[in-house]
Number of protein chains: 2
Amino acid sequence: MPLKYLTVAEDIERKIREGVCPPQSKLPTTDELCEQYGVSRITVRKAMDVLSERGFVIKRRGSGTYVKDIDPSSDDSESQVVESYSATARHEGHVADTQVLEFSVIGATGRVAERLRVGEGTPVYSIVRLRSVNDSQGLVSYTWIPVAIVPNLTKRNAADSLYRHVEVGLGLTVSSTHRSIRAVMPTLEEQVWLRLPEDVPVLEIDQVTFLSDGRLFEYSVLHRDTRDWSFKCVNT
Amino acid sequence: MPLKYLTVAEDIERKIREGVCPPQSKLPTTDELCEQYGVSRITVRKAMDVLSERGFVIKRRGSGTYVKDIDPSSDDSESQVVESYSATARHEGHVADTQVLEFSVIGATGRVAERLRVGEGTPVYSIVRLRSVNDSQGLVSYTWIPVAIVPNLTKRNAADSLYRHVEVGLGLTVSSTHRSIRAVMPTLEEQVWLRLPEDVPVLEIDQVTFLSDGRLFEYSVLHRDTRDWSFKCVNT
DNA sequence: AAGTGGTCTAGACCACATA
DNA sequence: ATGTGGTCTAGACCACTTC
């Protein structure tokens with residue numbers, strides 16, 4: 001049986017998206033939702049916590065829960081942060097075109113060893129990929145993955161979604177990502193790969209990803225064209 | 001009385017930071033923590049949820065809860081996302097130097113009206129500030145605030161923390177921020193203000209902030225030098 | 001089979017908002 | 001004074017991991 005709190009959260013999220021619950025409007029009270037969905041108070045509360053984290057509603061003690069009035073042009077619905085990992089993986093699967101520019105196994109050194117928390121010299125895949133998400137958007141990714149964690153990785157897998165290979169192929173699940181974000185100039189190579197005019201900077205996303213069994217499985221540095229895309233997040 | 005779940009979460013966070021619970025180590029089980037702290041299971045669970053959201057631990061059903069092994073050089077402890085708003089406000093209070101470059105009341109137009117969800121022509125403060133956080137780090141902020149929400153704002157307030165003025169001075173509390181992040185080149189003015197060499201890009205953070213009563217109180221665009229700083233976040 | 005975290009319940013009391 | 005969300009409890013059962 002699907003989780004009750006997610007069922008409730010997703011039903012209300014749908015109502016918000018479809019305009020049944022317009023911006024600024026007050027949602028039913030916790031007790032009313034308990035009745036409507038036939039669940040306990042704590043379950044409704046957990047559903048509301050999910051909606052609150054995702055930035056859809058704002059809870060006001062003593063008053064009620066209200067639909068946030070956000071500018072649709074800065075909509076967070078497709079944001080990386082709002083999405084669950086499976087949804088992210090699904091999107092990655094929709095990446096139109098992925099070229100694997102480099103695929104090799106090397107010994108981890110310096111920053112890569114530090115970020116992956118492995119000893120120097122530990123075998124890791126070193127993968128450089130060029131990906132276009134829509135027509136004009138692009139990103140270059142530099143990824144390092146310990147061979148021990150994902151054996152049998154091939155250049156072909158890398159052209160698909162790595163996440164999908166790890167989740168579907170190996171039965172592991174991705175749990176969390178720690179990101180560090182800056183603005184940098186692309187290298188000359190990257191300028192060519194991404195077809196960037198002079199003086200167009202890229203967003204650098206430096207990230208490590210954990211599996212739900214606690215192992216650190218990936219260190220990546222992404223350089224992304226942000227002329228047609230932006231990184232979105234909600235903080236509460 | 002302080003909140004129990006926060007007391008527990010903060011005590012364990014401290015133990016993690018101080019090395020009492022080293023990376024990779026298993027925390028006591030939920031039931032053991034219930035006994036240790038003399039609280040219920042649901043309270044311990046809420047505390048663990050907090051630590052998990054903040055990126056300190058990883059929970060493994062059927063196995064236990066473990067301290068994440070993160071690279072200290074990419075530590076998230078000071079991250080904007082991990083911090084509570086009061087903590088953020090405290091930090092903003094530590095901003096060494098704030099120069100108010102512009103302070104006026106204008107009628108909202110175009111993008112500002114859209115983001116603030118007010119009609120065109122609605123009076124808003126328009127504030128441009130130059131801030132240095134440490135010695136070498138700097139950011140330029142362009143902020144718009146509806147006059148109706150924060151009456152009596154002065155140039156002097158703007159030189160201090162706006163958040164502090166809103167929270168302490170007006171008794172309002174800040175609830176959440178929606179951010180959209182990209183890489184851009186600074187304007188010529190900004191290059192001078194931030195003392196940026198040629199060809200150094202800045203991080204553009206486009207954000208709206210909500211009060212806990214649900215009102216949208218601020219729209220800001222920040223241009224930030226990221227040579228010595230990065231925007232950090234954890235996604236679960 | 002035993003242990004551990006995840007979900008869910010019913011119910012109590014509190015803090016805050018609104019009138 | 002009333003209504004609303006926030007915290008907390010005790011306890012049940014489930015799903016998954018580990019032995």
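Convention: sequence-line order gives letters A, B, ...; per-chain numbering from 1.
- By the side-chain hydrogen bond (donor to acceptor under 3.5 Å, both in side chains) test, B:E204 is found to be paired with B:H223, residues two or more places apart in sequence or in another chain being considered.
- Side chains of B:Y219 and A:D71: a donor-acceptor N/O pair is absent below 3.5 angstrom, by distance only.
- For B:Y5, the side-chain hydrogen bond (donor to acceptor under 3.5 Å, both in side chains) criterion is met by no residue, not counting sequence neighbours.
- In this structure, the nucleotide among C:dT9, C:dT7, D:dG5 sitting nearest to the side chain of A:T65 is D:dG5.
- Five base pairs at each end of the helix from C:dA1-D:dT18 to C:dT18-D:dA1 define two local axes, and these are offset by 10° (rounded to 10°).
- For A:Y5, a side-chain nitrogen or oxygen approaches OP1 or OP2 of C:dT7 to under 4.0 Å.
- Between B:K46 and the phosphate of D:dC8, there is no side-chain N or O to OP1/OP2 separation shorter than 4.0 Å.
- Contact check of residues 20-36 of chain B against DNA chain D (heavy atom, cut-off under 4.0 Å) returns no residues at all.
- Qualifying side-chain hydrogen bond (donor to acceptor under 3.5 Å, both in side chains) partners for B:S141, counting only residues two or more places apart in sequence or in other chains: none.
- B:R111 meets the salt bridge (Lys or Arg N to Asp or Glu O under 4.0 Å) test with no other residue; sequence neighbours excluded.
- Between B:I58 atom CD1 and C:dG5 atom P there is a gap of 14 Å when expressed in whole angstrom units.
- For B:T43, a side-chain nitrogen or oxygen approaches OP1 or OP2 of D:dT9 to under 4.0 Å.
- When the side-chain nitrogen and oxygen atoms of B:K4 are compared with OP1 and OP2 of D:dT7, none of them lie within a distance under 4.0 Å.
- Nucleic acid contact class of B:R60 (heavy atoms, under 4.0 Å, all strands): sugar-phosphate only.
- Checking D:dC8, D:dT7, C:dA17 against the side-chain heavy atoms of B:S40 singles out D:dC8 as nearest.
- The salt bridge (Lys or Arg N to Asp or Glu O under 4.0 Å) check on A:R117 picks up B:D69, with sequence neighbours excluded.
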Can you name the atoms? Protein N/O to nucleotides 13-16 of chain D N/O, anything below 3.5 Å, with the distance.
unit_1	atom_1	unit_2	atom_2	d
D:dA15	O4'	B:R61	NH1	2.6

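- Every residue meeting the side-chain hydrogen bond (donor to acceptor under 3.5 Å, both in side chains) condition with A:T143, not counting sequence neighbours, appears here in chain and number order: A:S220.
- Partners of A:K59 according to the salt bridge (Lys or Arg N to Asp or Glu O under 4.0 Å) rule, which considers only residues two or more places apart in sequence or in another chain, are A:D49.
- Legend: residues meeting salt bridge (Lys or Arg N to Asp or Glu O under 4.0 Å) with B:R60, ordered by chain and number and at least two apart, are absent.
- Applying the ring-ring contact (aromatic ring centres under 6.0 Å, His included) criterion to A:Y125, with sequence neighbours excluded, gives A:F103.
- B:W229 carries B:R224 over the face of its six-membered ring, with the cationic atom under 6.0 Å from the centre and within 45° of the normal.
- Each of A:G64 and A:I42 has a nearest nucleotide on DNA chain D; the 5'-most of these lies closest to A:G64.
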